[in-house]
There are 2 protein chains.
Amino acid sequence: MATIKEVSDLAGVSQATVSRVMNGNNKVSEINRERVMAAMDKLGYQPNSFAQALATNRSYSVGIVVGTLSGPFYGPMMHSIESVLRNEGQHLIATSGHDDLEQERDAIRFLNSRRVDAILLVVQAMGDDELIEMCQRNPNIFVLNRYVPELANRCIYLNNELGGYLATKHLIDLGHTKIASITGPLVHLDARERLQGYRNALNEAGIEYDAQLVVEGLYQEDGGNKAAAKLFQRDVEFTGVVCGNDNIAIGVYDILSLDNESPAERISVVGYDDMFYSRYLRPKMTTIRFPIEEMGTIAANMVLQNLSNVDLVKGVQLEPQLIVRESSAPPVG
Amino acid sequence: MATIKEVSDLAGVSQATVSRVMNGNNKVSEINRERVMAAMDKLGYQPNSFAQALATNRSYSVGIVVGTLSGPFYGPMMHSIESVLRNEGQHLIATSGHDDLEQERDAIRFLNSRRVDAILLVVQAMGDDELIEMCQRNPNIFVLNRYVPELANRCIYLNNELGGYLATKHLIDLGHTKIASITGPLVHLDARERLQGYRNALNEAGIEYDAQLVVEGLYQEDGGNKAAAKLFQRDVEFTGVVCGNDNIAIGVYDILSLDNESPAERISVVGYDDMFYSRYLRPKMTTIRFPIEEMGTIAANMVLQNLSNVDLVKGVQLEPQLIVRESSAPPVG
DNA sequence: TTGTAGGCGTTATCAG
DNA sequence: CTGATAACGCCTACAA
């Protein structure tokens, strides 16, 4: 690859001049500018960003560590982040932590040695303490989809309790009184918050909380099926189920279909997250929308602001929204 | 951030020695090694990869440009690529081209100036000629999911014709003779190839090709609905539909459901790609599996080989596979 | 085994 | 407006 020196030689000017035209410094004569441009063009010159970064101490890139590069959750988020970053001449370096502590650490190490201008963290495995310590060392770290009180001004997170409340309230409004809940793993704060929202709605409606109606499931693949099966095996009646996420809700769909039943007939089901495929299910799923893209956009903007030395006073809490589709209906009988 | 100099000062050795312990050079006395390690630790030292890359002319990172960072297609691919790369100490820098020529060029420019060790291209907008020219300049570019004859040894692609054949053959084997096809945009080579596979199967079975039964659709979102609607409005009979991808097949699902019909009852439908959500649909979709992850793995390995100077003699063609689920059945009557 | 010193490709300061 | 030249942080002969 051509270097600045080759360009300057070819153009018959100094390296400094080449550098100047690259960086849009206007103190260059028109004639020289043209000569330089021509030379660059001829050589297919691309500045070496390592050298640039070394000299300027700026990398013009921000790093993100997500759970996985695939999946309906992180994808849209990275997408929106990249869009706004790119508009400002920044680039995104994406790494994944696979919800594994060592890998998360490794990813962060990588981004640090890459001297990214900022780091976006969407991590599960790493504990609050470690997070806090890192943030103290590095003022350009932001935490997504997670709330850490000590890091309040660098967190962008969802009001999960409200989501759980909305889902439950929806069923209550439809007339349901026997409402079950299949939660995500309760080690996760968000699962606990969603459950709390469920309790709040129940409470508000004067419905007593019944532990028999609550089962803990997994967010992944068929964690939903297992948990749903468990619920149906218990000897309790219910006409609606509030789920920890869409995957779990799909598990309920599956269990119902074993009896040739469909959601909303005898049992209403409400998901959570509104993954893009939820609308492809039949019946279309009633769910809680999680503004993933918006979270990404906001995060990216916070980064940009921080980089231009605007003081960040507080984090951002996003509101979930109820999306009513076809999997919920008034109880029969 | 601490530099190598600070570490060497603190450890009371030269920078060279610090560099040696970093790079696992064993010609360092145990005592000095320990001193250095302690110093690094104390300072939270992270080598500056810009400086390293500048000095070694190696970045230990490979770049990829995909259509979008989100979506069920690119995600799994990046995921598998990152996995194998990471195992070898390489990192993935992901950028997106949004199927837009300027953005694709920009992404490539970025990766070039990042001096990535190799570039993986999954691009749509860029023409063959431009691709060829780039590959000539840079021997470390690979083309995924696309076949360019002149670049045969750096392409990893799918046997699309076979896929179209398998889908159609499946319906024929079930007893169907009136089989429609909703293709992707025929400007795309893969859509044309899939269509050709359809023709081949028909031909082999002695069924005459009927242009009335073929309609061109879009791969995205509701491109399927529109094309399906068009097909159903034509005055032709058919009992099976072979689709250009799963999205299009979902369009057929939707159209059928308007009449309260379900796939496999009167009309069988076969998708293409086996997106992960296809199994969540009811009835579960019969489709052609596209080994996306495998494509990623292979690509990553090619990169690795090329980096260790193994000569690449040929590209790789992957075989699609028929996945029979519930949306196809023998024709009734 | 260790240290010295030159070089990697840019930027930026400072004279001209 | 232009050109030397000293950083930037690290690696790597070469010498000791």
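The analysis underlying the following values was restricted to heavy atoms, covering all of them including side chains, and did not include hydrogens, waters or symmetry mates. By convention in this document, chain letters (A, B, ...) are assigned in the order of the sequence lines, proteins followed by strands, and residues within each chain are numbered from 1.
- Side-chain atoms of A:Q15 lie closest to C:dT10 of the nucleotides D:dG3, D:dC11, C:dT10.
- Proximity note for A:M22 (side chain, C-beta onward) versus D:dG3, C:dG9, C:dT11: the nearest is C:dT11.
- Other residues, nucleotides and ligands place more than 12 heavy atoms under 6.0 Å from the CE atom of B:M22.
- The nucleotide whose nearest atom lies closest to any side-chain atom of A:Q52 is, among D:dC10, C:dT11, C:dG3, C:dT11.
- Backbone-only contact: A:V13 has heavy atoms under 4.0 Å from sugar-phosphate atoms and none from a base.
- With rounding to whole Å, B:R20 atom CZ is found 15 Å from D:dC10 atom P.
- At least one side-chain nitrogen or oxygen of B:S19 sits closer than 4.0 Å to the OP1 or OP2 atom of D:dC11.
- Distance from the side chain of A:A16 is smallest to D:dG3 among D:dT12, C:dT10, D:dG3.
- Taking atom CG on A:N23 and atom C1' on D:dT2, their separation rounds to 16 Å, with Å as the unit.
- Distance alone, capped at 3.5 Å, is enough to place a donor-acceptor pair between the A:S80 side chain and the A:E293 backbone.
- At a threshold of 4.0 Å, the pair A:D190-A:R146 does not count as salt-bridged, since none of the basic side-chain nitrogens sits closer than that to a carboxylate oxygen.
- The base of C:dG9 is not paired with the side chain of B:R115 by any donor and acceptor separated by under 3.5 Å.
- For the residue pair A:S59 and A:D117, a side-chain donor N or O sits within less than 3.5 Å of a side-chain acceptor on the partner.
- If you take CD of B:Q46 and P of D:dC10, they are 11 Å apart, rounded to a whole angstrom.
- Among the protein residues, B:S29 comes within range of the sugar-phosphate backbone only, with heavy atoms under 4.0 Å from sugar or phosphate atoms but none that close to a base.
- For B:T56, counting side-chain heavy atoms from C-beta on, the closest listed nucleotide (D:dT2, D:dT12, C:dC8) is D:dT12.
- Contact annotation: A:S14 side-chain N/O to D:dG3 OP1/OP2 distance is under 4.0 Å.
- An OP1 or OP2 oxygen of C:dC8 is reached within less than 4.0 angstrom by no side-chain nitrogen or oxygen of A:N48.
- Distance from the side chain of A:K27 is smallest to D:dC1 among C:dC8, C:dT13, D:dC1.
- Along DNA chain C, the nucleotide closest to B:A55 and the one closest to B:G12 are compared, and the more 5′ of them pairs with B:G12.
- The aromatic rings of B:Y157 and B:Y147 lie tilted to each other, with the angle between the two planes from 30° to 60°.
- The phosphate of C:dT10 (OP1 or OP2) has no side-chain N or O of A:Y60 nearer than 4.0 angstrom.
- The separation between A:M1 atom CE and C:dC8 atom P is 17 Å, rounded to whole Å.
- Defined by atom type and a distance below 3.5 Å, a donor-acceptor pair is missing between the side-chain atoms of B:Q90 and B:S61.
- At the heavy-atom level, B:N57 lies nowhere under 4.0 Å from the strands shown.
- Nucleotide C:dG9 holds its P atom 13 Å from the CG atom of A:D9, rounded to whole Å.
- As rounded to whole Å, 15 Å separates atom P of C:dT1 from atom CZ of B:R35.
- For B:N32 and C:dT2, the shortest distance from a side-chain N or O to OP1 or OP2 is below 4.0 Å.
- Remark: P of D:dC1 and CD of A:E30 are 10 Å apart, rounded to the nearest angstrom.
- For B:T17 and C:dG3, the shortest distance from a side-chain N or O to OP1 or OP2 is below 4.0 Å.
- Spacing between atom CZ of A:F50 and atom C1' of C:dG7 amounts to 17 Å, rounded to whole angstrom units.
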